Each structure stands twice: as C-alpha cells, then as structure tokens.
Amino acid sequence: MLLGAIADDLTGATDLALTLSRGGMRTIQTIGVPRGDLDLSDVDAVVVALKSRTNPAAEAVALSLEALGFLQAAGARQFLFKYCSTFDSSPAGNIGPVIEALMEALETNLTIICPAFPANGRTIYKGHLYVGDQLLSDSPMRNHPLTPMTDSSLIRLMAGQSSLKVGLVPHESVARGAKAVADAFVQARAGGIQALVVDAISDLDLKVIGEAAADHVLVTGGSGIALGLPENFRRAGLLQPASHATTFAAPAGRSMILAGSCSEATRGQIRTAIAAGVPALKLDPMAIADGRFRVDDAMSWALAQAAQVPLLYSSAEPEEVKAAQTALGRERAGSLIEHFLAETALRLRAAGVSRLIVAGGETSGAVVGALAPEALLIGPEIDPGVPWTLTLGETDPMALALKSGNFGAPDFFLKAWDLLQ
Ligand code: ADP
C-alpha cells in the first residue's frame, strides 16, 4: 500500500479513486472505515469514503483520525485528505480542523492546500478560488444550503478555520516547475508556515505540484491534486509502469440494470436500450405506493427474462415525476422508489445476479447502502466518471457500475457489458 486517502464524501471519493486508477494505481474505495479484514496485498491506493463534510467539526475530526489509523495500519507511505473543489466548509470547519488534526497525528509541520480541479473550472490564482469565470464568492456556491461560500480567499478561509500559519505559493513559482515549488516549500517551512495554498490553473500545474510534494507525508486538496502522485511512486520504483486494464474479471452470474434516475441522459440511455431489444419494465410509483406492485413482482419479471439483461426502471418524463410527487409528496416518492430498487438489488444478489448497473446518484447510494459492501475495487471506465467496480469484503462479490444520472453515452446500457470478462 502506497497512498492512503481520506475523502469527506462518497462521490468525491469515487472521483479521487478514478484519478488514481487512471494513473495506474490499483485502487480500492472503502465505504466508511472498514471493520473486517480486507485483503490489501495487491492494492496500491485506498480511498476511505467518509460522510463527514457537514458533520460537527469534532465528529469530522474523529472520523478522519479513525480513517487515518486504518490507513497507517495498512502501511500507507503518504496520506491525502480530499475535500470538495469548491472548498465546501463553514467558518467552524471542517477542512481546517481536520487538516490540523491529521498534521498533528502525522507529526508534520507543513502541508499544501490545493482544491483546484481545472477540468471542472475550479482554479486557484493569487490564493483565490475560481469557479469558471467567477470568484467562488460570486458563484452559485454563495447560496449553498449547507455550506455557503462567501469568501474566495483560501488563505483567509484556512486561517479562519484553523490555528495554522497559512502562506501562498504563487503561480509564478508553479510555472517555473517542480524544483521551484519544492524550493518554495523549503522557504515556507523555514519561515514557520504550516499550510501552503498553492496556485493551480491547469492539470500541468497540478502535476508539477504533485511532483514537488513527493516527500510530504500529508497532501490535501481536490481530486486533481492526485494527478501527479502516481508518477512519484513510479519514479521511486514502487509502482509498475501504468497499464490500463480494459477488461474486468467479473464474477459469473446473471446481469441486470436498475434505473431510478430521471435525468435526460438516463432517459436517452433507456430509449436506446429498448430500441435495441433490451427487455424493460417501467415501475409506476403509484402502484408501488398502494401495494399493487411489489418487489416479488419485480423479481418474477426479472428472473423470467432468461438469457437477456433486463432493465427495471422508474425513470420518467418531468411531467410524470411531477404528478407522482404531487400525489405522494416529493420526498416520499423519491424514497419509496429508492427503497424499492435497493430491496430489489438485495433480492437479485440472493437470486444469483452478480453484474449490476445502477443509474442515479441517490439511487446508487440506496443500493450500495443495502448491499453494504465493505469496499469497491475500481475497474475500467465505461464512460468518463463511471467505472466498473467489484464489491469486496462479503460473501457474494458483485460487479457494480454506479452511474450518476447525467453521465454516460446513449449506448451505456448496451456497451458496459463488453468490458466484463
Ligand atoms: P440522478 O443522478 O439522475 O439525479 P437520483 O437517483 O440521484 O438520479 O435521483 C432521482 C430521484 O428521483 C430518486 O430519489 C428517485 O427515487 C426519484 N424517482 C425516480 N423515479 C421517479 C418517478 N417516476 N417519480 C418520482 N420520483 C422518482
């Protein structure tokens, strides 16, 4: 185990795990701090997905330290704390307090702060975080329901959230390359700086910063800060040359698609699949609500589809969704379908389905919550942002593809299977 990462939410963890996997590291993502014995013998990087972004700061610190303990025991050589690329936090934390606690536990006196994610328009210049063309404080993040961001200065934000002495590595240094950045780190350390915001406006900058931070025991930032890290381990002879797996050894068994996303991309993928002859059954929220259609009925239908890959979906056009929400209430309609699909996934696993695509972010969260794998091994990417994963740590392993609603090409449900052996 080379790199141990702690992410403050689930989708951010997947994003980071994919970045490391693309860099050629064999990566697994755990759901919370694993309890049982996970076999990490072939693993280069572990990303522990916490749900600590908006917890009270003391709780986030405790969870993060627990994750750190697990990663230290697993033998990680370097640690990464991953937060959101819009630095989602409140004046009380949690980014500052968690970084401070991790630094103390790791006995280090310097770390970097770099949430930049240029591919998604998040850049840092003169220590200010930008979202697209806007300062963070002018962006829609200023109205976020849980973590409104009204200051774009990462230096002020970090100084406000921690007792650390905060400094800046300006873009002028980053543009001169890894040696210049490493020199800036040495200078900062000599001047008593403990947390260094580093400007980054491109992926190349992030690679330079990653290279300069090769000997830092703790690195912090968005998923982009991981771009340069795999190469450090390769340079040190600890990691094989990047080899991108194009297929995935999935457990033998039946396949199934569950869709609870009503996003446009998912609806298009459903139309494409049906046009190609995929057997499909549309769920009616009203029939589920009044007990006319039960998980048993879904199971009988799915298991009757013999050799084909059936698609069970609740996905509907906006006006149908509105009608269901008016009749049932927005939250009840959502959770009713999420529970139905999660229960169906559990029953499908018990019935021998071992290859499953789930469409929808919340839907995937509900299904993963029900299947409760201890960890997911990241496999090849089906489309940008959506890898096949293999569940680890329980008796019946499954290949799972968890697709955020708007991700994936129209033929996603058809082509995903080609990557499985
Ligand atoms: P996405 O990633 O596309 O946003 P999510 O799974 O996160 O998809 O969210 C979709 C939400 O809509 C879920 O809570 C799901 O249960 C709910 N939903 C799905 N189908 C319907 C429907 N026909 N009527 C009302 N709500 C629905």
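This structure is a prediction, so every number in the text was calculated from the model and none was measured. When a ligand or atom number is given, it counts from 1 through the structure's own listing order.
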Exercise for the section: For residues 366-386, pull every pair meeting ring-ring contact (aromatic ring centres under 6.0 Å, His included), keeping only residues two or more places apart or in separate chains. Expected result: none
Practice task
Using the test salt bridge (Lys or Arg N to Asp or Glu O under 4.0 Å), find all partners of D8 that sit at least two apart in sequence or belong to another chain.
Solution key: R53
Handout entry: Note: D296-R294 ion pair, threshold 4.0 Å (strictly below)
Key = no
Problem - SB check K322 E317 (cutoff 4.0 Å) - result: no
Within the protein, flag every N or O under 3.5 Å from an N or O of ligand 1, and note the pair and distance.
| unit_1 | atom_1 | unit_2 | atom_2 | d |
| --- | --- | --- | --- | --- |
| ligand 1 | 2 (O) | G361 | N | 2.8 |
| ligand 1 | 2 (O) | G405 | N | 2.9 |
| ligand 1 | 3 (O) | S261 | OG | 2.7 |
| ligand 1 | 3 (O) | S263 | OG | 2.5 |
| ligand 1 | 6 (O) | E362 | N | 3.4 |
| ligand 1 | 6 (O) | T363 | N | 3.0 |
| ligand 1 | 6 (O) | T363 | OG1 | 2.6 |
| ligand 1 | 7 (O) | G361 | N | 3.2 |
| ligand 1 | 7 (O) | E362 | N | 2.7 |
| ligand 1 | 14 (O) | E338 | OE2 | 2.5 |
| ligand 1 | 16 (O) | G334 | O | 2.8 |
| ligand 1 | 20 (N) | S314 | O | 3.3 |
| ligand 1 | 20 (N) | S314 | OG | 2.8 |
| ligand 1 | 23 (N) | S314 | O | 3.0 |

Handout entry: With sequence neighbours excluded, residues passing salt bridge (Lys or Arg N to Asp or Glu O under 4.0 Å) with E231
Key = R234
Exercise for the section: Test salt bridge (charged side-chain N to carboxylate O under 4.0 Å, His left out) on R292 and D297 and set out the steps. Expected result: CA-CA 9 Å; R292 275 181 290 128; D297 302 312; over 6 Å; no
